[in-house]
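Written below as structure tokens is the structure these notes are about.
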Amino acid sequence: MNPVYEYIVAVLIAILMIGYTYYSITTLSSNQLQLVEEEQLDVVASRLFDKILLTQGYPEDWGSNIYVNNTSLKDFGLALSHGKMYDLDVDKVMRMFTGASEIINPLYINTTTFGTLTGLYDSGSGYWKYGFRFYLKTALNITIEKADTKTPTEKFRVNVKNFMGKNAPNAEVKGTYIAIYVVKQGNEQYFDYSYVTVNNMTNWLGETMLDFKNNMPQVPQGISEYAYCLVASVNYYGLQSQHSYVANTIPTLGLTIQGKYLIANFTQVEDIARGAHHLELTAFELTSSLTMILNPAIDVTNGEAGKIVNYGGKNYRVYELENEPSQDVIFVGLLVKKQGKWGLVFASRPRTPVAVDYMSLGIKSAGINTVTLSRIVRIGTNSYYAELTLWRMSE
């Protein structure tokens with residue numbers, strides 16, 4: 001071959017080799033830088049998740065202390081004082097709940113306060129550095145349905161799924177059926193209850209039947225003011241959750257609980273007649289072990305607690321429980337009479353099945369890189385699935 005051509009070919013090969021080497025090095029460097037950024041986001045997410053789940057916040061009793069608000073809260077954390085790792089304080093969790101259509105939580109800690117205390121939000125510029133979503137739900141999703149047309153119901157169908165939405169076969173289901181009633185003796189009356197319990201296992205579809213046909217809770221003769229409810233407690237390979245079914249409910253009354261205060265809101269529901277609600281002011285508490293507790297309550301709407309929550313009116317009432325509910329109390333109910341009929345209204349601690357869905361104002365955009373962390377935590381003896389998603393906000 002002509003030496004000139006050999007030289008030209010050699011130069012072309014050298015140029016190609018240099019170009020390929022440069023491209024490879026540039027691409028590798030770019031990937032490494034991207035990987036470092038991803039790791040940094042992982043670190044931020046991990047630290048934030050630990051802060052939420054493992055620290056108590058300040059003041060440490062900010063969950064039950066109604067005097068702590070968005071201005072006076074100094075540090076944020078959901079951990080239970082003197083609890084084990086990943087034990088959460090139910091009152092702190094309840095303050096992340098905005099409310100529902102029937103009632104607004106007046107003690108809600110907004111996400112801007114959370115963002116400022118955790119460094120995700122720059123309050124000076126009004127800018128979110130990171131967007132987030134914190135999600136907390138029961139580790140077991142339990143649904144209860146009537147399985148007959150009798151009054152009161154004698155059979156219930158219970159379905160159980162795990163936190164991933166898959167059927168939970170061979171789950172242990174304990175159903176406690178409760179009759180709650182008012183006993184009158186002369187001019188005096190008092191609150192009482194009776195209950196029965198049945199146990200069963202779910203089949204391969206995660207379903208089971210609770211049959212009370214031959215074992216109904218007894219109401220004393222002559223009692224006409226009563227209500228029924230069923231509470232199902234499910235254990236599935238160490239995960240425990242509860243759910244309730246109220247046979248005689250009052251759809252025009254919303255109820256929520258914060259610390260030792262019950263907040264009731266009377267609302268109008270379409271196609272349901274208006275009428276006064278007469279409350280039996282003894283709260284009915286159920287713990288995660290299905291222990292039943294009677295707890296007297298007093299109306300403090302126009303007292304000190306009422307001034308902090310709401311001055312109120314006839315459609316809004318605040319009741320103070322004589323004894324602050326323990327961390328194990330999952331449901332608190334009031335017996336209510338409307339238009340001659342008695343019913344039961346429950347407030348759950350925390351809300352079931354979704355306890356918290358708490359997120360920044362910035363909505364995550366498609367294509368933005370995110371980090372999601374999750375783990376199982378406890379509230380009382382019940383299990384919950386906690387999930388944190390974090391992403392960088394665009395400039």
Side-chain angles (χ1 to χ4, degrees), residues 46-98 105-111 113-120 132 134-139 238-242 256-263 283 285-289 291 293 295 304-305 308-309 318 320-332 347-352 355-356 358 373-388:
S46 180
R47 289 176 178 172
L48 178 62
F49 206 30
D50 285 346
K51 177 168 182 56
I52 294 171
L53 301 180
L54 298 178
T55 67
Q56 300 170 11
Y58 188 82
E60 292 184 6
D61 66 344
W62 67 268
S64 58
N65 186 345
I66 65 172
Y67 296 96
V68 178
N69 54 32
N70 285 289
T71 302
S72 58
L73 181 63
K74 302 303 180 185
D75 193 20
F76 191 96
L78 300 180
L80 178 66
S81 299
H82 311 297
K84 299 178 181 178
M85 288 186 66
Y86 300 109
D87 281 352
L88 305 188
D89 187 319
V90 66
D91 293 317
K92 295 173 184 177
V93 171
M94 286 295 293
R95 298 199 70 170
M96 301 174 75
F97 170 66
T98 58
N105 183 4
L107 299 177
Y108 171 66
I109 298 296
N110 63 50
T111 55
T113 297
F114 169 86
T116 302
L117 294 174
T118 54
L120 304 183
F132 79 95
F134 179 71
Y135 188 72
L136 185 69
K137 64 179 181 180
T138 53
L239 299 178
Q240 178 177 288
S241 297
Q242 275 101 19
T256 190
I257 182 169
Q258 189 65 61
K260 62 178 180 179
Y261 295 94
L262 278 172
I263 304 166
E285 299 177 357
L286 280 167
T287 69
S288 53
S289 61
T291 300
I293 302 168
N295 195 349
E304 188 64 25
I308 291 177
V309 179
V318 180
E320 181 179 0
L321 298 172
E322 184 175 291
N323 304 295
E324 186 164 344
S326 69
Q327 289 289 317
D328 280 345
V329 171
I330 54 172
F331 299 109
V332 179
S348 59
R349 306 171 70 231
R351 306 284 287 199
T352 59
V356 171
Y358 193 70
L373 304 174
S374 62
R375 71 160 294 114
I376 298 296
V377 298
R378 292 177 302 274
I379 300 177
T381 59
N382 285 343
S383 310
Y384 288 79
Y385 171 80
E387 181 180 275
L388 173 69

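We count residues from 1, following the sequence as given.
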List in chain and number order the residues that pass side-chain contact (heavy atoms from CB on, under 4.5 Å) with [X], two or more places apart in sequence or in another chain; answer none if no residue qualifies.
{"X": "Ser383", "value": "Ala139, Leu239, Ile376"}
{"X": "Leu54", "value": "Asp50, Met85, Tyr86"}
{"X": "Leu120", "value": "Leu48, Phe114, Thr118, Trp128, Tyr130, Phe132, Leu390"}
{"X": "Lys84", "value": "Asp87, Arg378"}

If we ignore angles and hydrogens, is there a donor and acceptor under 3.5 Å between the side chains of [X] and [Y]?
{"X": "Ser64", "Y": "Asp91", "answer": "no"}
{"X": "Thr352", "Y": "Gln242", "answer": "no"}
{"X": "Asn382", "Y": "Gln240", "answer": "yes"}

Interatomic spacing from [atom1] in [X] to [atom2] in [Y] - rounded to 0.5 Å:
{"X": "Thr291", "Y": "Asp328", "atom1": "OG1", "atom2": "CG", "result": "8.5 Å"}
{"X": "Thr98", "Y": "Arg351", "atom1": "OG1", "atom2": "CZ", "result": "9.0 Å"}
{"X": "Leu107", "Y": "Ile109", "atom1": "CG", "atom2": "CD1", "result": "8.0 Å"}

Quiz item: Near Arg47 CZ, under 6.0 Å, is it more than 12 heavy atoms from other residues, nucleotides or ligands?
Solution: no
Quiz item: Given Asp89, which of Arg95, Gln56, Gln327 fulfils the side-chain hydrogen bond (donor to acceptor under 3.5 Å, both in side chains) condition?
Solution: Gln327
Self-check item: Phe134 vs Leu53 side-chain heavy atoms within contact, under 4.5 Å
Solution: yes
Quiz item: Are the side chains of Ser46 and Leu373 in touch, meaning some heavy atoms are under 4.5 Å apart?
Solution: yes
Contact summary for [X] and [Y], nearest pair of heavy atoms:
{"X": "Trp62", "Y": "Gly77", "answer": "NE1-O, 3.2 Å"}
{"X": "Gln258", "Y": "Asn105", "answer": "OE1-ND2, 3.8 Å"}
{"X": "Asn323", "Y": "Glu285", "answer": "O-OE2, 4.3 Å"}
{"X": "Ser81", "Y": "Glu60", "answer": "OG-OE1, 3.7 Å"}
{"X": "Ile257", "Y": "Leu321", "answer": "CD1-CD1, 4.1 Å"}
{"X": "Tyr384", "Y": "Pro350", "answer": "OH-CD, 3.3 Å"}

Quiz item: Yes or no on side-chain contact (heavy atoms from CB on, under 4.5 Å) for Leu78 and Val377, after CA distance, side-chain angles and deciding distance?
Solution: CA-CA 11 Å; Leu78 300 180; Val377 298; over 6 Å; no
Quiz item: For the side chain of Asn70 and the backbone of Asn110, is there at least one donor-acceptor N/O pair under 3.5 Å apart?
Solution: yes
Quiz prompt | Under 3.5 Å: donor-acceptor pair, side chain of Arg349, backbone of Met94 | solution = no
Exercise. Kindly state each residue pair satisfying salt bridge (Lys or Arg N to Asp or Glu O under 4.0 Å) with at least one member in residues 66-79, sequence neighbours excluded.
Key: Lys51-Asp75
Quiz item: Listed by chain and number, what are the salt bridge (charged side-chain N to carboxylate O under 4.0 Å, His left out) partners of Lys137, not counting sequence neighbours?
Solution: none
Quiz item: Which word best sums up how the rings of Tyr358 and Tyr108 line up, parallel for under 30°, tilted for 30 to 60°, or perpendicular for over 60°?
Solution: perpendicular
